[in-house]
There are 2 protein chains.
Amino acid sequence: MQPSSQMLKGILEGAILQIIQQGDIYGYALHEKLAALGFGDIPEGTIYPLLLKLQRNKLIIGVRRPTGNGPDRKYYHLTDEGEKTLTIFQQQWHQLVQAMTNLNQGDESS
Amino acid sequence: MQPSSQMLKGILEGAILQIIQQGDIYGYALHEKLAALGFGDIPEGTIYPLLLKLQRNKLIIGVRRPTGNGPDRKYYHLTDEGEKTLTIFQQQWHQLVQAMTNLNQGDESS
DNA sequence: GCGGAATACCTTGTAAAGCAAGATATCTTA
DNA sequence: TAAGATATCTTGCTTTACAAGGTATTCCGC
């Protein structure tokens, strides 16, 4: 399994799928979680459009819920398609790490 | 050191800088080396424009050399700027791997 | 009650990454 | 002399990620 061209770009997409898999979450909290994990301050102008794209592609589903305490939140969960896509992403990520490790070790076998 | 937005996209750029650092190389051989390391079949339509951009940005310098045996090759080596950029990339890559590891371990401490 | 801060979501337009497709040229081998 | 391997480059496209800004809700201090 080789890192696809998508992999080289869309690491954020895979990371977000995985966070959602670990428990339903909404955009604003995702923003904080990414920072807490060490991904840096991913701006909302990146996160929200990406969530909408993932939903358009039927990898996640968003459900708007009132909080009684501030504006509504849109909680997202994975679809079966999303689970499959996440699995493929994880394999590609692993392969990318392997390739980078090979590079660091001046290794060309695998 | 947080993975910059560049990092999320431009992993290929860092990988290529590192390969060049390990020894002068030309585009066509780079293509084969990336495949051998496990980066997949990065097309030439990706590699050559990227090399030209790196040169434009003064991170690498290309020197055309005849082979006496086939078309000329353009061997690239790093500039001082390129060395510095590579060091930063390596730190960012390490941070990204750390963040992904945290994610896998459901960990939010760093 | 009013203003500001925090929370929460979204849109528009832009820059850059990576790729597909194809052009060009050299040398070797059949 | 034709085909194939080697070697580089260009044009135009799609997608990623971001900057900048807009909207709405609730809470807190004054």
Side-chain angles (χ1 to χ4, degrees), chain A residues 2-17 24-35 39-57 59-76 85 89 92 96 99, chain B residues 2-17 24-35 39-57 59-76 85 89 92 96 99:
Chain A
Q2 290 180 335
S4 69
S5 72
Q6 279 299 108
M7 160 94 332
L8 296 177
K9 279 199 206 171
I11 287 175
L12 195 55
E13 174 174 320
I16 286 179
L17 285 178
D24 291 14
I25 195 169
Y26 56 101
Y28 195 84
L30 193 52
H31 169 75
E32 293 172 330
K33 180 118 185 173
L34 284 166
F39 284 95
D41 181 27
I42 311 295
E44 296 173 4
T46 296
I47 291 177
Y48 288 114
L50 179 46
L51 286 171
L52 293 175
K53 190 203 77 174
L54 290 173
Q55 183 164 41
R56 223 164 39 241
N57 295 350
L59 303 185
I60 62 177
I61 293 173
V63 180
R64 190 167 216 107
R65 288 216 292 267
T67 60
N69 176 10
D72 292 358
R73 296 171 177 170
K74 237 172 103 181
Y75 282 86
Y76 288 96
T85 302
F89 164 75
Q92 289 174 337
L96 178 60
Chain B
Q2 291 179 336
S4 71
S5 70
Q6 278 300 105
M7 159 94 333
L8 296 176
K9 276 198 206 172
I11 289 176
L12 195 55
E13 174 174 321
I16 285 178
L17 284 179
D24 292 13
I25 194 168
Y26 55 100
Y28 195 84
L30 193 53
H31 169 76
E32 294 172 329
K33 180 119 186 173
L34 284 166
F39 285 94
D41 181 27
I42 311 294
E44 296 171 4
T46 296
I47 292 177
Y48 288 114
L50 179 46
L51 286 171
L52 293 176
K53 190 203 75 172
L54 290 173
Q55 183 163 41
R56 222 163 40 242
N57 295 350
L59 304 185
I60 61 176
I61 293 173
V63 181
R64 189 165 217 109
R65 288 216 292 268
T67 60
N69 176 11
D72 292 359
R73 297 170 177 170
K74 237 170 102 180
Y75 282 86
Y76 288 97
T85 301
F89 164 76
Q92 289 174 337
L96 178 59

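- If you measure from atom CD1 of B:I42 to atom P of D:dT8, you get 17 Å, rounded to the nearest angstrom.
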Expected rows: protein N/O vs nucleotides 23-30 of chain D N/O, under 3.5 Å:
none

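- Screening B:K33, B:K74, B:E44 for a side chain to side chain contact (heavy atoms under 4.5 Å, CB included) involving B:Y28 leaves a single residue, B:E44.
- Minimum atom distance to the side chain of A:E13 is reached by D:dT16, of the listed C:dC10, D:dT16, C:dT7.
- Straight-line distance from the NZ atom of B:K74 to the C1' atom of C:dT26: 17 Å, rounded to whole Å.
- Axis angle across the helix from C:dG1-D:dC30 to C:dA30-D:dT1, with five pairs used at each end and values rounded to 10°: 10°.
- Here the shortest heavy-atom pairing between B:I25 and B:A29 reads CG1-CB, 3.8 Å.
- Summarising the geometry, the separation between CG on A:L17 and P on D:dT16 is reported as 12 Å, rounded to the nearest angstrom.
- Judged purely by atom type and a 3.5 angstrom limit, B:H31 has no side-chain atom pairing as donor or acceptor with the backbone of B:P43.
- Residues from residues 43-52 of chain B lying near DNA chain D, meaning a heavy-atom separation below 4.0 Å, are B:E44, B:G45, B:Y48, B:P49, B:L52 in numerical order.
- As rounded to whole Å, 16 Å separates atom C1' of D:dT15 from atom CG of B:L12.
- Remark: C1' of C:dA16 and CZ of B:R56 are 11 Å apart, rounded to the nearest angstrom.
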